[in-house]
Structures are given as structure tokens and as C-alpha cells.
Amino acid sequence: MAAAVTACILAGAAHAASTATLTRSESSLLTAMNEARAANGLRPLRADPRLELASRAHSSRMLRTGTFSHGAFYTRIRRTGVHARRVGENLAWGQGSVGVARSIIAMWLASPEHRANLLHPGYRIVGVGALRGCFAGHRHTLMVTTDFAGR
């Protein structure tokens with residue numbers, strides 16, 4: 001079983017949004033993220049359709065190109081029309097038991113940078129892009145991009 005996680009944070013101006021249509025994997029991830037936030041006394045994140053598109057496109061791009069990096073996530077988020085004061089991104093990939101929501105959230109909580117993004121009290125909206133494909137020679141890999149925005 002292989003897995004990797006990475007995180008980034010940037011500052012930037014604020015805007016909110018509505019609810020996106022999530023896949024089963026994306027919904028599981030959002031539920032697990034909000035459970036972790038609730039356990040730490042934080043408000044839940046709301047799915048944002050603009051961030052959802054950006055997150056899915058980035059996960060798709062990483063699967064297609066065989067790369068695993070944030071790239072210009074700040075610009076990618078801004079191009080969706082989200083202009084929050086603060087934005088951040090967590091990435092993960094895994095397969096088997098490592099490629100499920102609870103395992104990914106546990107890895108993020110164990111990493112100071114990922115934990116900071118996941119539990120940032122000012123984040124209000126999120127896009128979760130979770131797609132399956134072949135990555136690093138592993139079939140049925142779950143590639144995850146989460147884009148956060150808020151104050």
C-alpha cells in the first residue's frame with residue numbers, strides 16, 4: 001500500500017458559496033474532515049462547486065500526467081472566482097485501506113501542515129476532488145485534492 005500527502009497555505013480576500021454535487025469518495029472525505037473539525041470545536045466546511053471543479057481538475061491532471069504536486073494552486077483557486085482572504089490545499093493519494101477517507105484524514109491530522117489546513121478555524125468552504133486511476137504503477141489509486149478557502 002502506498003500513500004503520500006502534501007499541504008500548502010497562502011493568504012489572499014473573502015467569498016462564500018453553495019453546495020456541490022459530490023461523489024461517494026468525495027462525500028466520505030468531507031464527512032471525515034467535518035468530523036475531525038467538530039472534534040476540535042470547529043464549524044463544518046461547506047462544499048463549494050467552484051472549488052470542487054478546481055479540485056477535480058487538479059486530481060485528474062495529476063493522474064493523467066503521473067505527477068503529485070500542488071502546482072500553482074493559488075492561481076487555480078482564484079480562477080474559479082473564489083477570492084477568499086486565505087486559501088490552502090491538501091493532497092493525498094493511496095490505494096486499498098490507505099486510499100479511504102478515514103486513513104487519509106488520519107494522515108493529514110498526523111502532519112503539522114495538513115492538520116493546520118484541515119483545522120484552520122477561518123476556512124468555511126472546500127472543494128474535494130477524489131478520482132480513481134493508475135498512479136505510480138498502482139491501479140485503482142485514489143487521488144485527492146482538497147482546496148480550502150475562508151478568512
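What you are looking at is a predicted structure, and each value in this text was computed from that prediction instead of being measured.
- In this structure, H120 has its ring center under 6.0 Å from that of Y123.
- The structure places CE of M143 at 10.0 Å from SG of C134, a figure rounded to the nearest 0.5 Å.
- The distance from the CG atom of N117 to the OG1 atom of T146 is 7.0 Å, given to the nearest 0.5 Å.
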Exercise. Does the pair T145 and E89 meet the rule for a side-chain contact (heavy atoms from CB on, under 4.5 Å), with working shown?
Worked result: CA-CA 7 Å; T145 302; E89 180 172 85; 3.4 Å; yes
Exercise. Going through the checks in order, is the side-chain hydrogen bond (donor to acceptor under 3.5 Å, both in side chains) test met by T65 and T67?
Worked result: CA-CA 5 Å; T65 61; T67 58; 2.7 Å; yes
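- Partners of R43 under the side-chain contact (heavy atoms from CB on, under 4.5 Å) rule, at least two apart in sequence or in another chain, are R124.
- Contact check for M62 versus L91: side-chain heavy atoms found under the 4.5 Å cut-off.
- Grouping the Ile, Leu, Val, Met, Phe, Trp and Tyr side chains by contacts below 4.5 angstrom, directly or via other members, places L53 apart from V128.
- Here the side chain of S60 pairs no donor or acceptor atom with the backbone of R56 at under 3.5 angstrom.
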For this session: Decide side-chain contact (heavy atoms from CB on, under 4.5 Å) for V144 and L29; before the verdict, give the C-alpha distance in whole Å, the side-chain angles of both, and the deciding distance to 0.1 Å.
Result: CA-CA 9 Å; V144 178; L29 282 158; 3.8 Å; yes
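- Here H58 contributes atom NE2 and S69 contributes atom OG; the two are 5.5 Å apart, rounded to the nearest 0.5 Å.
- In this structure a side-chain-to-backbone donor-acceptor pair under 3.5 Å is missing from Q95 to H138.
- Minimum interatomic distance between V87 and A149 (heavy atoms only, all atoms of both residues): CG1-CB, 4.1 Å.
- Put simply, the side chain of S59 gets close to the backbone of G129: a donor and an acceptor are under 3.5 Å apart.
- Of all the heavy atoms in G66 and F135, the pair that sits closest is C-CE1, 3.6 Å.
- Note that CG of L118 is 12.0 Å distant from CD1 of I104, once rounded to the nearest 0.5 Å.
- S55 is linked by a side chain to side chain donor-acceptor pair (under 3.5 Å) to D147, counting only residues two or more places apart in sequence or in another chain.
- Considering every non-hydrogen atom in both V82 and I125, the closest pair reads CG1-CD1, 4.3 Å.
- The minimum heavy-atom distance linking S25 with A130 is given by the pair CB-CB, 4.0 Å.
- Side-chain contact between E26 and E52 is present, with heavy atoms from C-beta onward closer than 4.5 Å.
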Problem set entry | side-chain contact (heavy atoms from CB on, under 4.5 Å) evaluation trace for Y74 with R79 | CA-CA 9 Å; Y74 180 83; R79 285 184 180 152; over 6 Å; no
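- Contact detail for N40 and R115: the closest heavy-atom pair is OD1-NH2, 3.8 Å.
- Between F148 and L45, some side-chain heavy-atom pair lies under the 4.5 Å cut-off.
- With values rounded to the nearest 0.5 angstrom, R78 atom CZ is found 11.0 Å from R50 atom CZ.
- To the nearest 0.5 Å, the span separating CD1 on I105 from CZ on R37 amounts to 11.0 Å.
- Hydrophobic clustering keeps W108 apart from V100 (ILVMFWY residues linked when any side-chain heavy atoms are closer than 4.5 Å, directly or through intermediates).
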